[in-house]
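Worth knowing before you read on, the calculation uses all heavy atoms, side chains too, and leaves out hydrogens, waters and symmetry mates. In this text the structure is predicted, and so the values were computed from the model without any measurement.
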Amino acid sequence: MKKIAFLSMVFMLSLFIACQEDTFMEDSEMVYQPPTDLEYMDIIGAQEGQRIITFPPAVNTGRLVPYFEIVQIEDAQGNILDETYLKDVSIANPVVDSLKIDDETGEKIGVINYKEAGAITIADGNAFGHGDYYFDIKVITSPDEPTIRQEATFSKGFHLNVGPALVEALNYIPLTQNLLLDGSKQTSEPFIPSGNKDIRFELGSHDDIFTIDPTTGVIKVKAGATPEEGTYYPQVNVISNISEEVTTFEGEGFLALIVSESPVEIPLKTINLFYPTLQAENTMYGYRKFVMEAGGVADNKIWIAGSPCNLAADDRPSEASGAKSIMTNIVVGGQSLPHTSWVVINSQNLYNYSQGYDLSATFWSKNQYVEYMTDGRTPTNLEVYVSTDYTNNVENATWTQVNDILKCEINNSGNVFTGTPYPGDQQGDNPDGLKDTGKNADAKWVKCVLDLENYKQEKNLTLAFKFASYFDEAISGATGRGGRYYISDVHFQAKEKAQE
C-alpha cells in the first residue's frame with residue numbers, strides 16, 4: 001500500500017516551545033489569581049479512529065503547578081458529546097515520580113513532575129468522526145490547599161480537527177480471479193475492513209484492458225479490448241471524496257486477474273498472516289516474555305531459543321527463515337521450584353480477513369522430563385490463552401484458556417483429537433481423570449490448531465502461553481519433576497473459502 005497524498009497534523013513545535021518558556025513564572029510576587037492564557041496547539045487533520053496525543057499546553061498560573069480537567073467536548077454544531085466519545089479521552093496531570101533528600105533535614109521530599117500536565121490523549125479506535133471538536137478545559141492550581149486554590153475554565157480551549165480515515169486494506173476475494181475475453185465475467189466487489197467509505201475507485205494501471213466501477217470497485221474486461229491471455233496485476237487507487245487523498249493497492253498479494261477465453265479452475269490460496277521466527281525475545285521476532293515467578297531459573301534461561309520443530313519444516317514459509325523454538329527448563333540442581341512465566345505472541349488484527357476466509361492459529365509444542373507428584377498429578381503444564389484486550393500488560397488483560405478446544409496431533413501421526421495431551425507419560429495414578437495412554441506426548445512434538453472463527457471480527461487478538469506450576473514447595477525425585485516445555489512454529493493463517 002502506498003499513500004500518494006495525505007493531510008498531516010499541524011503541531012507548530014517551535015511555537016509550543018516559545019509558549020512554554022515562561023509558563024509558570026509571570027507572577028513573581030506570588031499573588032494567587034485564577035489561571036490565564038491557556039494555549040494548546042490545534043491538531044489539524046488527525047485521522048478518524050486513530051490515537052491522538054497533544055503536546056502539553058502553555059498556561060499562566062503565577063508559578064503554581066496546574067491541574068487539568070476536561071469539562072466537556074462539543075462538535076462543530078454545538079452538540080455536547082456523550083460517554084461514547086469521552087470514554088476514550090484522558091488528560092495528564094502532575095505526578096510525584098521521584099524523591100529527593102532535603103539538604104537541611106535529610107528527609108525525603110516528593111518531586112512533582114508536571115512536564116506532561118495537560119496533554120490530552122484520545123485512544124485508538126475512538127468514536128471521533130470527520131469534523132471539528134472543541135474542548136472546554138478547567139485549570140486548577142493548588143487543588144488541595146483551599147486558601148490559595150484558584151481555577152478557571154477555558155471555553156474551546158483546545159481545537160481538534162479530524163480528517164477522514166483512509167482505506168488501509170482492500171480485499172478482493174478470492175485473491176486470484178478469472179475474467180473472460182468476451183467480458184461475460186467480472187470480479188467480486190472488494191471488502192473494505194476500515195476507513196471512511198465516502199470513496200471512489202480508479203485504475204492506476206491496465207486501463208487499456210480493464211474498467212473499474214468507480215462506486216463498487218468491480219473490475220471487468222474493457223469493451224472492445226483484445227488483451228492476450230495471461231495473468232495481470234492491476235493497480236487500484238482508492239480516492240477519498242472528502243479529502244481527495246489517494247491510497248494505492250497493487251501486486252500479487254492484492255489481486256491477480258487471469259484473462260482467458262474459457263473459464264479456468266483456480267486453486268484456493270492460503271495466506272500466512274503472521275509467522276514469527278522466535279529468534280530472540282523481542283516483538284521484532286514475534287513475542288515478549290513475562291516472568292511472574294522465576295523459581296530457581298535464571299532470567300537468561302527462561303524461554304531460550306533453540307532448534308525449531310523438525311516436523312514443521314515442510315510447512316514453514318521462506319519468510320520464516322531462521323525460525324527457532326523456545327524452551328524453559330525449571331529443573332535446577334536436581335530440584336524444581338514453582339515457576340510461572342508467559343510467552344505472549346504479537347497481537348493480530350483479524351478483521352481484515354473476516355470475510356471470505358477461514359482463520360486459524362497453529363503452533364507446535366513439546367513437554368519433556370515431566371514426572372508426576374506423589375498423588376499422580378502433573379506438577380506443571382503449558383496453558384494456552386487468547387485475549388482481545390491485551391495491551392502489553394499480562395495481569396491487566398482478560399484471558400480465556402483454550403487448551404480444551406485445540407485440535408491436536410502427536411508427531412504427525414494422522415490421529416487428530418481435541419484438547420492438548422496431559423503432560424508426562426500418562427502412567428500411574430490418575431486422580432484428575434485426564435491421563436490417556438493413547439495420547440502419550442512425552443518428549444514428542446504436538447501440532448495444535450485453534451479455529452479463529454469466533455474471533456475473526458477482532459482487531460486485537462492475542463495468543464499466549466503460560467508455563468504454569470501446580471505445586472508450592474520444592475520437588476525432586478519421588479515427589480515430582482517440573483520438566484521443560486518447548487514452543488515452535490507459531491503462525492496465523494487465512495485460507496480462502498470456495499466462492500458460491
Colleague: Is it true that the NZ or CZ of K366 lies under 6.0 Å from the centre of Y486's six-membered ring and within 45 degrees of the ring axis?
Modeller: yes
Colleague: Counting only heavy atoms from other residues, nucleotides and ligands, does the tally under 6.0 Å from CD of Q457 exceed 12?
Modeller: yes
Colleague: So which atom in A127 and which in D88 form the shortest heavy-atom distance, rounded to 0.1 Å?
Modeller: N-OD2, 4.0 Å
Colleague: Are any side-chain N or O atoms of S336 and backbone N or O atoms of V331, one a donor and one an acceptor, separated by less than 3.5 Å?
Modeller: no
Colleague: Considering only heavy atoms from C-beta outward, does the side chain of Y85 approach that of I73 to under 4.5 Å?
Modeller: no
Colleague: Pair R377, D432 - check salt bridge (charged side-chain N to carboxylate O under 4.0 Å, His left out), show working.
Modeller: CA-CA 7 Å; R377 291 182 300 113; D432 297 325; 5.0 Å; no
Colleague: For a quick test of reading the model, state the closest non-hydrogen atom pair linking L203 to P234 and the distance between them.
Modeller: CD2-CB, 4.3 Å
Colleague: Less than 4.5 Å apart, any side-chain heavy atom of R51 and any of I53?
Modeller: yes
Colleague: Could you tell me the separation between the CG atom of D389 and the CG atom of L461, rounded to the nearest 0.5 Å?
Modeller: 11.0 Å
Colleague: Please work out whether the ring planes of Y134 and H159 are parallel, tilted or perpendicular, with thresholds of 30° and 60°.
Modeller: parallel
Colleague: Examine the side chains of T248 and N237 and answer whether a donor and an acceptor come within less than 3.5 Å of each other.
Modeller: yes
Colleague: Hey, are E244 and R200 close enough for a salt bridge, meaning a charged N less than 4.0 Å from a carboxylate O?
Modeller: yes
Colleague: Begin with the C-alpha distance, continue with both residues' side-chain angles, and end with the deciding distance and a verdict on side chain to side chain donor-acceptor pair (under 3.5 Å) for Q493 and N272.
Modeller: CA-CA 5 Å; Q493 290 184 323; N272 287 310; 3.0 Å; yes
Colleague: Of all heavy-atom pairs between L406 and C448, which one has the smallest distance, and what is that distance?
Modeller: CD1-CB, 4.2 Å
Colleague: Calculate, to the nearest 0.5 Å, the distance between atoms CG and OG1 belonging to D124 and T121 respectively.
Modeller: 12.0 Å
Colleague: Parallel, tilted or perpendicular: which one describes the rings of W342 and Y385, with boundaries at 30° and 60°?
Modeller: tilted
Colleague: Short question: side chain of W399, backbone of V394 - any donor-acceptor pair under 3.5 Å?
Modeller: yes
Colleague: Output the distance between atom OG1 (T216) and atom CD1 (I212), rounded to the nearest 0.5 Å.
Modeller: 7.5 Å
Colleague: Kindly check if the number of other-residue, nucleotide or ligand heavy atoms within 6.0 Å of CD (E252) is above 12?
Modeller: no
Colleague: I would like to know whether N352 and N171 meet side chain to side chain contact (heavy atoms under 4.5 Å, CB included); could you show each step before the answer?
Modeller: CA-CA 8 Å; N352 287 353; N171 296 340; 4.3 Å; yes
Colleague: Could you check whether any side-chain N or O of E409 sits under 3.5 Å from a backbone N or O of G414, counting only pairs where one atom can act as donor and the other as acceptor?
Modeller: yes
Colleague: So, N411 side chain and W445 main chain: donor-acceptor pair closer than 3.5 Å or not?
Modeller: yes
Colleague: When rounded to the nearest 0.5 angstrom, what distance separates CD in E395 from CE in M292?
Modeller: 4.5 Å
Colleague: If I compare all heavy atoms of I330 with all of S469, which pair ends up nearest, and what's the gap?
Modeller: CD1-OG, 4.4 Å
Colleague: Is it the case that D425 and N440 place a side-chain donor and acceptor less than 3.5 Å from each other?
Modeller: no
Colleague: For the pair H206 and F210, name the ring-plane relationship: parallel under 30°, tilted 30 to 60°, perpendicular over 60°.
Modeller: tilted
Colleague: Checking side-chain polar atoms at under 3.5 Å, does N403 have a donor or acceptor matched by the opposite partner on Q401?
Modeller: yes
Colleague: Would you say the side-chain atoms of T283 pair up with the backbone N or O of G286, donor to acceptor, closer than 3.5 Å?
Modeller: no
Colleague: Please step through side chain to side chain contact (heavy atoms under 4.5 Å, CB included) for the pair F465 and Y485, ending with a clear verdict.
Modeller: CA-CA 10 Å; F465 304 87; Y485 289 88; over 6 Å; no
Colleague: Kindly indicate whether the side chain of V386, heavy atoms from C-beta on, has any atom under 4.5 Å from the side chain of T462.
Modeller: no
Colleague: Side chains of V370 and T378: closer than 4.5 Å at any heavy-atom pair?
Modeller: yes
Colleague: Flag yes if more than 12 heavy atoms outside E473 fall under 6.0 Å of its CD atom; otherwise flag no.
Modeller: no
Colleague: Please name the pair of heavy atoms, one in A256 and one in Y233, separated by the smallest distance, quoted to 0.1 Å.
Modeller: CB-CE2, 3.4 Å
Colleague: With a 3.5 Å distance limit and no angle check, can you tell me whether D213 reaches the backbone of V218 through a side-chain donor-acceptor pair?
Modeller: no
Colleague: Looking only at side chains, do Q177 and S188 share a donor and an acceptor under 3.5 Å apart?
Modeller: yes
Colleague: State whether the number of non-hydrogen atoms from other residues, nucleotides or ligands found under 6.0 Å of M284 atom CE is greater than 12.
Modeller: no
Colleague: Are the side chain of D42 and the backbone of I44 linked by a donor-acceptor contact shorter than 3.5 Å?
Modeller: no
Colleague: Tell me, do I410 and F417 make a side-chain contact under 4.5 Å, heavy atoms counted?
Modeller: yes
Colleague: Name the orientation class of the two ring planes belonging to F492 and F274 (parallel below 30°, tilted from 30 to 60°, perpendicular beyond 60°).
Modeller: tilted
Colleague: Looking at K197, I'd like to know if its NZ atom is crowded, meaning that more than 12 non-hydrogen atoms belonging to other residues, nucleotides or ligands lie closer than 6.0 Å.
Modeller: yes
Colleague: Do other residues, nucleotides or ligands put more than 12 heavy atoms under 6.0 Å from K439 NZ?
Modeller: yes
Colleague: Do N415 and S413 get their side chains close enough for a donor-acceptor pair, meaning under 3.5 Å?
Modeller: no
Colleague: Could you walk me through whether I43 and F158 satisfy the side chain to side chain contact (heavy atoms under 4.5 Å, CB included) test, starting with their C-alpha distance in whole Å, then the side-chain angles of each, then the deciding distance to 0.1 Å, before giving a yes or no?
Modeller: CA-CA 9 Å; I43 289 184; F158 168 60; 4.3 Å; yes
Colleague: Apply salt bridge (charged side-chain N to carboxylate O under 4.0 Å, His left out) to residues D299 and K289 and explain how you reach the verdict.
Modeller: CA-CA 10 Å; D299 186 74; K289 74 178 183 183; 3.6 Å; yes
Colleague: Could you check whether T176 and K269, counting side-chain N and O atoms only, form a donor-acceptor pair closer than 3.5 Å?
Modeller: yes
Colleague: Do Y351 and K456 have side chains that approach each other closer than 4.5 Å (heavy atoms only, starting at C-beta)?
Modeller: no
Colleague: With no hydrogens and no angle check, just 3.5 Å: does a side-chain donor-acceptor pair link N460 and T388?
Modeller: no
Colleague: Does T187 use its side chain to pair, donor to acceptor, with the backbone of I219 at less than 3.5 Å?
Modeller: yes
Colleague: Minimum heavy-atom separation for G129 to E48, with atom names?
Modeller: CA-OE2, 3.5 Å
Colleague: Looking at S387 and T398, would you say the former's side chain and the latter's main chain have a donor-acceptor pair under 3.5 Å?
Modeller: yes
Colleague: Give a yes-or-no answer on whether the side chains of D489 and Y275 include a donor-acceptor pair shorter than 3.5 Å.
Modeller: yes
Colleague: Using 30° and 60° as the class boundaries, would you call the ring planes of F128 and F135 parallel, tilted or perpendicular?
Modeller: parallel
Colleague: Using modelled atom types only, decide if a donor and an acceptor are shared between the side chain of Y40 and the backbone of G118 within a distance under 3.5 Å.
Modeller: yes
Colleague: Decide yes or no on side chain to side chain contact (heavy atoms under 4.5 Å, CB included) for N367 and R484, but give the supporting numbers first.
Modeller: CA-CA 6 Å; N367 77 88; R484 62 180 64 177; over 6 Å; no
Colleague: Should S360 and E453 count as side-chain neighbours, where that means a heavy-atom distance under 4.5 Å?
Modeller: no
Colleague: Cationic tip of K466 within the cone over F290's six-membered ring, i.e. under 6.0 Å and within 45° of the normal?
Modeller: no
Colleague: Could you go step by step and tell me if W303 and S341 meet the side chain to side chain donor-acceptor pair (under 3.5 Å) rule?
Modeller: CA-CA 9 Å; W303 298 114; S341 61; 2.9 Å; yes
Colleague: Are F249 and L255 packed together at the side-chain level, in the sense that at least one heavy-atom pair is separated by less than 4.5 angstrom?
Modeller: no
